[in-house]
**Student:** 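Can you keep this structure in mind? I'll have questions shortly.
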2 protein chains.
Amino acid sequence: MEQDILKKSYQSKLKKPLKSSVKRALIVNYFMNRNRHFSVEELYDEIKKMSLKISYSTVYRTLNLLSSIGLARECVFKDGMTRFEPAHRSRHHDHLVCERCGKIIEFEEPKIEKLQKEVARRHKFTVDWHRMELYGLCAECKKKEKL
Amino acid sequence: MEQDILKKSYQSKLKKPLKSSVKRALIVNYFMNRNRHFSVEELYDEIKKMSLKISYSTVYRTLNLLSSIGLARECVFKDGMTRFEPAHRSRHHDHLVCERCGKIIEFEEPKIEKLQKEVARRHKFTVDWHRMELYGLCAECKKKEKL
DNA sequence: TTGATTTTGAAAATCATTTTCAATTATATA
DNA sequence: TATATAATTGAAAATGATTTTCAAAATCAA
């Protein structure tokens, strides 16, 4: 069961024990089967759509839980809303964000990472993490633009 | 007078005319003489310290005005608070943010910019702007860490 | 000076997120 | 299996940064 991953991961971090719960299972299940970003609202709506009762409190709580044990990554783009993505599916990456349609494209560019490290070294800075987002127009929206 | 820059810049953008105002002059003056980031609270406190009356509404309004005509740049780092920086002092740059003391270091790295453009091209994406922040520990905080 | 328009600040509204708290549920153990 | 203990839940309230409202004050053009 998917919650087991969570339990182990969580309890190994020396917090209070986790009791199993239907609601949390629901959220974790959605989360584990997602391989891209989603907003809290998106997840909430999805569960509601299955005509299942859930509250935002629980959604936020569970997502923060996943985040705190490193299973989820949080991204906050320009719109200021928190999105989550599964950390188990992909390595660190950066984002291209379309300002027209909101599409989010992930990319990795090791050469940039290397240069970032260089910059940090130059400033005697130790980098824990970074975020990099390129905002603009995606191919599809550019096409529409031209019509 | 510094407000003139604002007036010209603003009115040339075809909006309603600007009347001169002491409060706005105060804020614009602070802004123009700043060459680094500041939070809204920082500016507000600074003006209050001079025992001058001002309200947050006015501060926000004026800063947003400066932003809308391109004189100010807005940055939102991990803490979620909006900071402003004068756009007239420096070119585009990215940031190193110390997670311990909050220090913000600016840097430019043309090689990274070039690689970003390459990434965008690869995805047929047109980039309008980007943000890149490296979070970690600055040299001073690392030193303290070791004691 | 008047009349029209902009600016201001206090208070209320927003909006995503977090917290509170009482009721419900899971679990360990008697 | 019953009971005690602790975790989970959701509704509603709280939060906190920012924006909006609205009536009063200030500015400007004629």
Side-chain angles (χ1 to χ4, degrees), chain A residues 1 3-4 6-11 13-30 37-45 47-48 51-69 72 74-84 102, chain B residues 1 3-4 6-11 13-30 37-45 47-48 51-69 72 74-84 102:
Chain A
M1 198 216 259
Q3 264 197 99
D4 292 347
L6 176 57
K7 278 200 190 179
K8 262 181 225 155
S9 194
Y10 185 64
Q11 287 161 356
K13 290 200 164 44
L14 301 172
K15 311 264 173 76
K16 64 182 181 179
L18 279 189
K19 282 183 178 170
S20 66
S21 99
V22 178
K23 302 302 167 71
R24 195 196 291 127
L26 229 46
I27 298 167
V28 171
N29 181 62
Y30 177 93
H37 304 83
F38 59 90
S39 66
V40 176
E41 201 186 355
E42 226 174 307
L43 187 158
Y44 177 84
D45 288 347
I47 292 179
K48 281 284 186 184
S51 67
L52 294 163
K53 275 201 174 16
I54 196 88
S55 75
Y56 267 110
S57 317
T58 303
V59 172
Y60 274 109
R61 267 191 289 241
T62 306
L63 255 13
N64 287 341
L65 185 65
L66 289 168
S67 224
S68 72
I69 59 179
E74 270 175 61
C75 313
V76 180
F77 300 125
K78 220 293 221 60
D79 68 4
M81 264 178 23
T82 303
R83 262 162 263 258
F84 291 85
Chain B
M1 198 214 261
Q3 260 195 104
D4 292 347
L6 177 57
K7 277 200 194 180
K8 262 180 226 157
S9 194
Y10 185 66
Q11 287 161 357
K13 292 202 164 41
L14 300 173
K15 311 263 173 78
K16 63 182 183 179
L18 278 189
K19 284 183 177 169
S20 65
S21 100
V22 179
K23 302 302 168 70
R24 196 197 290 126
L26 228 48
I27 297 167
V28 172
N29 181 61
Y30 176 94
H37 303 84
F38 58 90
S39 65
V40 175
E41 199 186 355
E42 226 174 307
L43 188 159
Y44 177 85
D45 289 347
I47 293 179
K48 281 286 186 182
S51 66
L52 294 164
K53 275 202 172 14
I54 195 89
S55 75
Y56 267 110
S57 317
T58 303
V59 172
Y60 274 109
R61 266 190 291 242
T62 307
L63 256 12
N64 287 341
L65 185 65
L66 289 168
S67 225
S68 72
I69 59 180
E74 271 175 60
C75 313
V76 181
F77 300 125
K78 215 306 216 53
D79 67 4
M81 264 179 23
T82 302
R83 262 162 265 258
F84 291 85

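Reminder, nothing fancy here: chain letters follow the sequence lines and each chain counts from 1. Just so we're clear, the structure is a prediction, and the values are computed from it rather than from any experiment.
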**Student:** Considering residues at least two apart in sequence or located in another chain, which fulfil the salt bridge (charged side-chain N to carboxylate O under 4.0 Å, His left out) criterion with A/Asp79?
**Tutor:** A/Arg83
**Student:** Nearest-Å distance, CG (A/Leu26) to C1' (C/dT25)?
**Tutor:**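 Result: 16 Å.
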**Student:** How close or far is atom C1' of C/dT8 from atom CG of B/Leu52, stated in whole angstroms?
**Tutor:**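 After rounding, the gap between these two atoms is 15 Å.
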**Student:** Between P on C/dA26 and CZ on A/Arg24, what's the gap in Å once rounded to a whole number?
**Tutor:**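 Spelled out: CZ on A/Arg24 to P on C/dA26 is 11 Å.
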**Student:** Should B/Phe38 and B/Asp45 count as side-chain neighbours, where that means a heavy-atom distance under 4.5 Å?
**Tutor:**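 Side chain of B/Phe38 against side chain of B/Asp45, heavy atoms only: no contact under 4.5 Å found.
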**Student:** Can you identify which nucleotide, out of C/dT6, C/dT8, D/dT9, has its nearest atom closest to the B/Pro17 side chain?
**Tutor:**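 Of C/dT6, C/dT8, D/dT9, C/dT6 is nearest to the side chain of B/Pro17.
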**Student:** What is the separation between atom OH on B/Tyr44 and atom C1' on C/dA10, rounded to the nearest whole Å?
**Tutor:** 11 Å
**Student:** Output the rounded distance in Å from NZ (B/Lys23) to C1' (D/dT27).
**Tutor:** 14 Å
**Student:** Listed by chain and number, what are the salt bridge (charged side-chain N to carboxylate O under 4.0 Å, His left out) partners of B/Lys78, not counting sequence neighbours?
**Tutor:** B/Glu99
**Student:** Excluding sequence neighbours, so at least two apart, what forms side chain to side chain donor-acceptor pair (under 3.5 Å) with A/Ser67?
**Tutor:** A/Glu74
**Student:** Nearest whole angstrom, please: distance from the C1' of C/dT17 to the CD of A/Glu41.
**Tutor:**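 Spelled out: CD on A/Glu41 to C1' on C/dT17 is 13 Å.
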**Student:** D/dT9, OP1 or OP2 - any side-chain N/O from A/Lys53 closer than 4.0 Å?
**Tutor:** no
**Student:** Listed by chain and number, what are the side chain to side chain donor-acceptor pair (under 3.5 Å) partners of A/Thr82, not counting sequence neighbours?
**Tutor:** none
**Student:** Compare the minimum distances between each of C/dT7, D/dA7, D/dA11 and the side chain of A/Ser55, then state the nucleotide with the smallest one.
**Tutor:**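 Nearest to the side chain of A/Ser55 among the choices is D/dA11.
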**Student:** Holding to side chain to side chain donor-acceptor pair (under 3.5 Å), I want the full list of residues that pass it with B/Tyr60, two or more places apart in sequence or in another chain.
**Tutor:**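 With sequence neighbours excluded, B/Tyr60 shows a side chain to side chain donor-acceptor pair (under 3.5 Å) to no residue whatsoever.
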**Student:** I need a per-nucleotide contact map over nucleotides 16-26 of chain D, read 5' to 3'. Cutoff is protein heavy atoms under 4.0 Å; write B for the base, S for backbone only, - otherwise.
**Tutor:** -SSBBB-----
**Student:** Under 4.0 Å: is that the gap between some side-chain N or O of A/Ser21 and OP1 or OP2 of D/dT8?
**Tutor:**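 Answer no for this pair, as no side-chain N or O of A/Ser21 is under 4.0 Å from OP1 or OP2.
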